[in-house]
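Convention: sequence-line order gives letters A, B, ...; per-chain numbering from 1. The figures here come from the full heavy-atom set of this structure, side chains too, leaving out hydrogens, waters and symmetry mates.
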Protein chains: 2
Amino acid sequence: MPDRFTPPAAPVGIDGLIALLAKLPGLGPRSARRAVLQLIKKREGLMQPLARALADVAESIKICGQCGNVDVVDPCAICRDPRRDAGLLCVVEDVADLWALDRAGLFRGRYHVLGALYRPRWVGPDDLSIPALIARAQSPDLQEVILALNATVDGQTTAHYITDRLADCGVEVTALAHGLPVGGELDYLDDGTLAAALKARRKF
Amino acid sequence: MPDRFTPPAAPVGIDGLIALLAKLPGLGPRSARRAVLQLIKKREGLMQPLARALADVAESIKICGQCGNVDVVDPCAICRDPRRDAGLLCVVEDVADLWALDRAGLFRGRYHVLGALYRPRWVGPDDLSIPALIARAQSPDLQEVILALNATVDGQTTAHYITDRLADCGVEVTALAHGLPVGGELDYLDDGTLAAALKARRKF
Ligand SMILES: [Zn+2]
Ligand SMILES: [Zn+2]
């Protein structure tokens with residue numbers, strides 16, 4: 001009975017909000033619509049606090065000049081923390097990996113975020129904050145660099161490259177044990193696997 | 001080598017943002033962390049616009065006094081639209097169902113949101129905006145009420161109840177055809193199924 005017919009555009013506010021939420025990883029258009037309905041139901045308890053938290057973090061976010069972590073202060077809370085062991089430096093590909101390791105609460109040192117993995121002819125050492133890593137490795141306090149990189153070809157290439165570059169620095173270079181599933185992405189592992197791999201780390 | 005150790009709390013800003021995002025349907029703590037990293041990477045293109053859109057919508061959202069839709073204007077854009085057929089009224093359980101039907105672009109009438117389904121002794125007609133529906137059904141323009149309710153026991157109970165209550169109003173009451181999978185939730189159907197069910201609607 002009814003023909004196909006294009007309804008007038010819904011108000012920009014709600015549609016625009018759905019479109020923005022749908023860009024987040026883990027949310028598509030359908031789940032973004034459900035999220036918006038949920039937000040509208042919880043306007044004071046969720047929607048307004050989320051708006052403020054986003055605005056606050058967007059305003060204050062900084063990349064830590066020492067390690068590459070993101071935080072609302074620079075140096076970041078981890079680099080500032082005097083309880084952290086200055087003798088241990090854990091090298092990770094990206095901030096998601098840093099958060100995954102630190103959330104597990106297994107490691108009491110500091111971090112160094114590469115930003116990417118080494119891929120000869122595509123991503124070079126200067127793209128990876130490797131010069132900054134070498135500079136940090138000169139610190140007389142530093143005793144051990146732990147390579148916490150994905151168990152993938154690029155991860156292992158990067159690990160070998162960094163090991164070569166640090167050979168003259170007088171620090172021990174270790175890598176997470178191959179308790180990681182081969183081909184696995186570090187950020188997807190559970191805390192137990194991360195703990196086992198960290199505990200059994202070996203000289204690289 | 002390293003013992004288990006509790007790291008200092010990350011800054012409230014980022015952790016608070018992760019906790020708020022993790023409350024959205026479709027996002028858990030892990031995907032909320034990934035979403036926050038994505039937002040931080042796209043601060044100007046995504047994070048700031050999302051903060052503004054949330055604040056704007058939170059500020060301006062209204063429940064339409066005529067149909068129960070949510071919008072930034074009251075009456076809502078659908079109720080205001082003069083191109084909509086005032087002779088057709090589609091009854092839905094909630095706003096998600098209204099959006100699902102309207103997004104499909106199949107229906108050129110107006111809507112009535114019940115807010116819930118009728119469950120004798122638990123949810124009564126006054127909880128369901130059924131009095132408002134009966135009032136709208138008195139309009140001389142109205143010719144047909146289409147019941148677009150879930151093909152569940154509660155949905156069908158509600159459909160029968162509304163049919164009884166509208167018996168004296170002189171409007172035709174139809175229901176979506178049983179092209180819907182039995183037990184299926186209307187909001188999860190694809191547009192094609194919705195179209196078929198709407199087209200084959202029958203006198204109830
Ligand atoms: Zn830092
Ligand atoms: Zn309305």
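- With values rounded to the nearest 0.5 angstrom, Leu54(B) atom CG is found 5.0 Å from Leu17(A) atom CG.
- The residue among Val36(B), Leu21(B), Val57(B) with the most heavy atom pairs within less than 4.5 Å of chain A is Val57(B).
- In terms of non-hydrogen atom pairs under 4.5 Å with chain B, the most contact-rich of Ala32(A), Ala55(A), Pro25(A) is Pro25(A).
- Between Ile40(A) atom CD1 and Asp71(B) atom CG the span is 9.0 Å, to the nearest 0.5 Å.
- The distance from atom CE of Met47(A) to atom CG of Leu24(B), rounded to the nearest 0.5 Å, is 10.0 Å.
- Taking CD1 from Ile61(B) and CD1 from Ile14(A), the interatomic distance works out to 3.5 Å, rounded to the nearest 0.5 Å.
- With chain B as the partner, the residue from Ala58(A), Ala51(A), Gly45(A) showing the most heavy-atom pairs under 4.5 Å is Ala58(A).
- For the salt bridge (charged side-chain N to carboxylate O under 4.0 Å, His left out) condition, the pairs that include at least one residue of residues 25-50 of chain B, sequence neighbours left out, are Asp187(A)-Arg34(B).
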Show me the donor-acceptor pairs, under 3.5 Å and distance only, between side chains in residues 88-101 of chain A and residues at least two apart or in other chains.
{"residue": "Glu93(A)", "atom": "OE1", "partner": "Asn150(A)", "partner atom": "ND2", "Å": "3.2"}
{"residue": "Asp94(A)", "atom": "OD1", "partner": "Ala96(A)", "partner atom": "N", "Å": "3.3"}
{"residue": "Asp94(A)", "atom": "OD1", "partner": "Asp97(A)", "partner atom": "N", "Å": "3.0"}
{"residue": "Trp99(A)", "atom": "NE1", "partner": "Asn69(A)", "partner atom": "OD1", "Å": "3.2"}

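- The number of heavy atoms from other shown groups lying within 6.0 Å of CD (Glu59(A)) does not exceed 12.
- Neither the backbone nor the side chain of Ile146(B) comes within less than 4.5 Å of any heavy atom in chain A.
- In this structure, Ala53(B) and Leu20(A) approach most closely via the heavy-atom pair CB-CD1, 3.8 Å.
- With a threshold of 4.5 angstrom between heavy atoms, Leu50(B) approaches chain A through its backbone and through its side chain.
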